[in-house]
Asks: 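A single structure is presented below for examination.
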Amino acid sequence: MIKRQPLGFTALELIVTMSIIAVLLAMGVPAFENYGLNLRMKTAMEQLQTDLKLARGHAISHNIKTIMCPSSKGIDCSAQPVWQDGWIVFADINGDRRKQDSEPLLRYSGALAMLNINSSSARTYLRFFTDGSAPGSNTTIRFCDRRGAAYSGTITVSNSGRIRLRATGSEPTEDCP
């Protein structure tokens, strides 16, 4: 008579396997969540940086002042330096720093969830001249999520029009505790 091995798992083997899977998931889920938040922050920063480069490039190549400003509806500029609700890039043909119906809208980027994006209250828009410069004071746009200032990033635009991205964290502020 041939003795057959029983097929399947014992209850003890199943419990041990499930315990190992639970421990691995407990360690992996927070790291995966952190990875997702880092990716969201990096994507938002690169999107805004790309649109800044578009505005500067358009000003230089088309020989016309170009404005980039926060905009929640994509129609006109917001009076607040809050960028997470979206922003627009447009050619400022008449030089009044306001979007008119006759001025071409070059880009509209919509709202970004789970991020705070702010510039200083003195700079509610960025204007690029035909030589690529951005007159006024240097501007820093700060990106922050629920993790706080240690995980924040910044984009700085100098008077010469140079655009620098930094994603290494900073000191806590009112907008980014």
Side-chain angles (χ1 to χ4, degrees), residues 36-149 151-176:
L37 291 170
N38 287 340
L39 189 60
R40 176 178 280 120
M41 175 87 66
K42 182 180 177 188
T43 301
M45 290 177 70
E46 288 176 353
Q47 182 179 354
L48 195 128
Q49 181 185 33
T50 298
D51 289 348
L52 284 166
K53 289 179 180 180
L54 168 75
R56 185 172 190 253
H58 186 270
I60 294 168
S61 64
H62 290 87
N63 201 30
I64 190 164
K65 293 175 187 168
T66 306
I67 304 285
M68 182 169 168
C69 62
S71 176
S72 60
K73 298 176 185 164
I75 299 170
D76 56 1
C77 292
S78 169
Q80 301 297 319
V82 178
W83 296 76
Q84 70 261 15
D85 295 332
W87 58 84
I88 59 173
V89 178
F90 65 94
D92 190 21
I93 295 171
N94 63 5
D96 68 350
R97 302 176 197 153
R98 291 190 172 99
K99 171 76 173 85
Q100 309 297 322
D101 291 337
S102 60
E103 295 172 329
L105 180 66
L106 305 174
R107 176 81 44 97
Y108 167 62
S109 292
L112 299 171
M114 299 172 59
L115 288 173
N116 290 331
I117 308 171
N118 298 290
S119 59
S120 65
S121 59
R123 295 298 298 263
T124 57
Y125 65 88
L126 293 163
R127 179 175 47 159
F128 290 97
F129 281 176
T130 59
D131 63 356
S133 65
S137 60
N138 289 347
T139 304
T140 298
I141 300 171
R142 187 171 185 173
F143 294 73
C144 187
D145 61 17
R146 63 185 163 97
R147 298 175 294 173
Y151 293 92
S152 67
T154 59
I155 294 178
T156 304
V157 181
S158 69
N159 290 339
S160 65
R162 180 178 178 217
I163 301 164
R164 289 181 292 136
L165 186 140
R166 189 177 129 228
T168 57
S170 61
E171 293 296 317
T173 64
E174 182 180 318
D175 297 325
C176 189

Asks: Please tell me if the side chains of Glu103 and Asn94 come closer than 4.5 Å, counting only heavy atoms from C-beta onward.
Replies: yes

Asks: Give the C-alpha distance, both sets of side-chain angles, the deciding distance and a yes or no for side-chain contact (heavy atoms from CB on, under 4.5 Å) between Ile93 and Gln100.
Replies: CA-CA 9 Å; Ile93 295 171; Gln100 309 297 322; over 6 Å; no

Asks: Rounded to the nearest 0.5 Å, what separation is found between the CG atom of Leu112 and the CD1 atom of Ile117?
Replies: 4.5 Å

Asks: Grab the two heavy atoms, one from Ile88 and one from Gly74, that are nearest each other, plus how far apart they are.
Replies: CG2-CA, 3.6 Å

Asks: So, using side chain to side chain donor-acceptor pair (under 3.5 Å) as the criterion, who are the partners of Ser71 when residues are at least two apart?
Replies: none

Asks: With sequence neighbours left out, which residue pairs that include part of residues 61-81 fulfil the ring pair (Phe, Tyr, Trp, His ring centres under 6.0 Å) condition?
Replies: His58-His62

Asks: Nearest 0.5 Å, what's the OH-CG distance between Tyr151 and Asn38?
Replies: 7.5 Å

Asks: Could you give all pairs that pass the salt bridge (Lys or Arg N to Asp or Glu O under 4.0 Å) test and reach residues 76-91, with sequence neighbours left out?
Replies: none

Asks: Mind checking the CG-OG spacing from Leu115 to Ser152? Nearest 0.5 Å is all I need.
Replies: 11.5 Å

Asks: From Ile67 CD1 over to Phe128 CZ, what is the distance, rounded to the nearest 0.5 angstrom?
Replies: 9.5 Å

Asks: Which donor-acceptor pairs under 3.5 Å do side chains of residues 139-146 form with protein atoms, sequence neighbours excluded?
Replies:
residue : atom : partner : partner atom : Å
Thr139  : OG1  : Arg123  : NH1          : 3.1
Thr139  : OG1  : Ser137  : O            : 3.4
Arg142  : NE   : Ser170  : OG           : 3.4
Arg142  : NH1  : Glu171  : O            : 3.3
Arg142  : NH1  : Thr173  : OG1          : 3.1
Arg142  : NH2  : Ser170  : OG           : 2.6
Arg142  : NH2  : Glu171  : O            : 2.6
Asp145  : OD1  : Arg147  : N            : 3.0
Asp145  : OD1  : Arg147  : NE           : 3.3
Asp145  : OD2  : Arg147  : NE           : 3.1
Asp145  : OD2  : Arg147  : NH2          : 2.8
Arg146  : NH2  : Glu33   : OE2          : 2.4

Asks: Just by distance, do the side chain of Asn116 and the backbone of Gln84 share a donor-acceptor pair under 3.5 Å?
Replies: no

Asks: With sequence neighbours excluded, give me every salt bridge (Lys or Arg N to Asp or Glu O under 4.0 Å) pair touching residues 47-75.
Replies: Asp51-Arg107

Asks: Looking at residues at least two apart in the chain, or sitting in another chain, which of them share a side chain to side chain donor-acceptor pair (under 3.5 Å) with Ser160?
Replies: Ser158

Asks: Among all residues two or more places apart in sequence or in another chain, which pass the side chain to side chain donor-acceptor pair (under 3.5 Å) test with Gln47?
Replies: Ser109

Asks: Between Ser121 and Pro81, which heavy-atom pair has the shortest distance, and what is it?
Replies: CA-CG, 3.7 Å

Asks: Return the OG1 to CG distance between Thr43 and Leu48, rounded to the nearest 0.5 Å.
Replies: 12.5 Å

Asks: What pairs of residues pass the salt bridge (Lys or Arg N to Asp or Glu O under 4.0 Å) test when at least one of them lies in residues 90-100, not counting sequence neighbours?
Replies: none

Asks: Might you work through the side-chain contact (heavy atoms from CB on, under 4.5 Å) test for Met68 and Leu52, ending with a clear yes or no?
Replies: CA-CA 7 Å; Met68 182 169 168; Leu52 284 166; 3.5 Å; yes

Asks: Got a sec, which pairs hit disulfide bond (SG atoms under 2.5 Å apart) with one end in residues 49-142, sequence neighbours left out?
Replies: Cys69-Cys77

Asks: Show every ring pair (Phe, Tyr, Trp, His ring centres under 6.0 Å) that has at least one partner inside residues 68-120, sequence neighbours left out.
Replies: none

Asks: Using atom types as modelled and distance alone, determine if a side-chain donor or acceptor of Ser61 lies under 3.5 Å from a backbone N or O of Gly57.
Replies: yes

Asks: My understanding is that only residues two or more places apart in sequence, or in another chain, count here; which of them pass side chain to side chain donor-acceptor pair (under 3.5 Å) with Ser78?
Replies: none

